[in-house]
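No hydrogens, no waters, no symmetry mates; every other heavy atom, side chains included, goes into these values. Since we're looking at a predicted model, the values are computed, not measured.
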Amino acid sequence: MRSNSGDYEILYWNPTLCRQITSQSTVKNLEWATQNCSVSFETIGIWPENFDGTDINSVCKDGEEQFLVCADDFGKIRLFSFPASQPKSLSHSYRGHSSHVTAVQFMHDGVRLLSAGGMDTSVLQWRVV
C-alpha cells in the first residue's frame, strides 16, 4: 500500500504487518492495482503551476489504466490519460460542482465515475464517452 505524507513524500506500507517499508528496492518494480495518491510518479502532470499540495483533493485511475481523474479545490474534475507523468499533461476539465470537489472515484465498469462536492453536498455521476 502507498500513501502521501503532509510533506509530499510517497510512503510505502505492508498492511499485513502494519509497518512502513523503508527499502525502495522492495517496491521498485511493483505494479499498483489502484492509483489514489495525488503525489506520485504517475501524477506529476496533474499539478498546474501555482497549485499547492492541498489543491488536489482526490485522484483515481480506471481499471483499464487508460484514464486518471482528479478533483480539485476549484470545483473541477479533470480527466487525463494515464499515466500523467509529464509536467503540464493535457487534460479535459469539467465543472459540475459549485465549490470544491472532495472525492472522485471510477466505478467498476470504468466508464462511469462519481464525484462528491464539498459545500454543495452533492454527489454527481459522470460518464466517460
Side-chain angles (χ1 to χ4, degrees):
M1 184 172 77
R2 61 185 173 170
S3 65
N4 293 135
S5 66
D7 57 351
Y8 313 116
E9 287 184 295
I10 304 169
L11 304 176
Y12 301 95
W13 303 89
N14 182 333
T16 306
L17 301 174
C18 298
R19 293 186 188 230
Q20 185 177 354
I21 299 169
T22 55
S23 170
Q24 296 297 321
S25 62
T26 307
V27 296
K28 183 177 180 181
N29 294 317
L30 289 178
E31 290 188 31
W32 300 97
T34 61
Q35 172 60 51
N36 301 103
C37 291
S38 59
V39 177
S40 72
F41 298 108
E42 296 91 352
T43 62
I44 291 169
I46 70 171
W47 294 94
E49 290 182 25
N50 303 322
F51 267 41
D52 70 24
T54 64
D55 288 334
I56 302 288
N57 299 320
S58 182
V59 173
C60 182
K61 74 172 178 175
D62 71 319
E64 300 294 318
E65 297 187 350
Q66 286 185 291
F67 301 112
L68 180 72
V69 65
C70 73
D72 66 29
D73 275 349
F74 308 101
K76 292 182 184 169
I77 304 289
R78 292 187 302 140
L79 184 67
F80 296 85
S81 292
F82 181 82
S85 54
Q86 298 297 318
K88 299 181 184 177
S89 293
L90 297 177
S91 68
H92 295 279
S93 181
Y94 304 96
R95 193 162 186 81
H97 292 280
S98 62
S99 69
H100 65 288
V101 185
T102 59
V104 67
Q105 183 71 43
F106 274 99
M107 296 180 77
H108 291 289
D109 63 9
V111 177
R112 294 173 294 152
L113 57 106
L114 298 174
S115 63
M119 295 293 287
D120 64 13
T121 65
S122 65
V123 176
L124 300 181
Q125 180 173 298
W126 303 79
R127 183 170 175 214
V128 179
V129 290

Quick one: does Phe41's side chain get under 4.5 Å of Pro83's, heavy atoms only? no
Return each pair, listed once, that meets salt bridge (Lys or Arg N to Asp or Glu O under 4.0 Å) where at least one residue sits in residues 95-105; pairs must be two or more places apart or across chains. none
Check whether any side-chain heavy atom of Lys76 lies under 4.5 Å from a side-chain heavy atom of Ser91, and answer yes or no. no
Going by salt bridge (charged side-chain N to carboxylate O under 4.0 Å, His left out), name the residues that satisfy it together with Asp109, two or more places apart in sequence or in a different chain. Arg112
One should read off an interatomic distance between His100 NE2 and Ser58 OG, to the nearest 0.5 angstrom, of 12.0 Å
Under the side chain to side chain contact (heavy atoms under 4.5 Å, CB included) test, residues paired with Tyr12 that sit two or more places apart: Arg2, Ile10, Ile21, Gln24, Val27, Trp32
To the nearest 0.5 Å, what is the distance between CE (Met119) and NE2 (His97)? 14.0 Å
Do Ser40 side-chain atoms and Glu42 backbone N/O form a donor-acceptor pair below 3.5 Å? yes
Looking at Tyr8, I'd like to know if its OH atom is crowded, meaning that more than 12 non-hydrogen atoms belonging to other residues, nucleotides or ligands lie closer than 6.0 Å. yes
Who are the salt bridge (charged side-chain N to carboxylate O under 4.0 Å, His left out) partners of Glu31, not counting sequence neighbours? none
Backbone N or O of Ser98 within a donor-acceptor pair of the Asp120 side chain at under 3.5 Å? yes
Among Ile, Leu, Val, Met, Phe, Trp and Tyr joined by side-chain contacts under 4.5 Å, find the other residues sharing a cluster with Val101 and list them by chain and number. Phe67, Val69, Ile77, Leu79, Tyr94, Val104, Phe106, Leu113, Leu124, Trp126, Val128
In the hydrophobic cluster built from side-chain contacts under 4.5 Å, what are the other members alongside Leu17? none
Side-chain heavy-atom pair Asn36, Val59 within 4.5 angstrom cut-off: no
Distance from Asp72 atom CG to Thr102 atom OG1, nearest 0.5 Å? 11.5 Å
Rounded at 0.5 Å granularity, tell me how far CG in Leu90 sits from CZ in Arg78. 11.0 Å
To the nearest 0.5 Å, what is the distance between NE2 (His92) and CZ (Phe80)? 10.5 Å
Is it true that a side-chain atom of Thr43 and a backbone atom of Ser38 form a donor plus acceptor pair closer than 3.5 Å? yes
If you count every heavy atom of other residues, nucleotides or ligands that lies below 6.0 Å from Glu64 atom CD, does the total exceed 12? no
Say you draw a straight line from CD of Gln105 to CG of Asp62; how long is it, rounded to the nearest 0.5 Å? 11.0 Å
Would Leu68 end up clustered with Phe51 when hydrophobic side chains under 4.5 Å apart are linked, directly or stepwise? yes
Looking at every non-hydrogen atom in both residues, tell me the closest pair between Ser99 and Gly118 and how far apart they are. OG-C, 4.0 Å
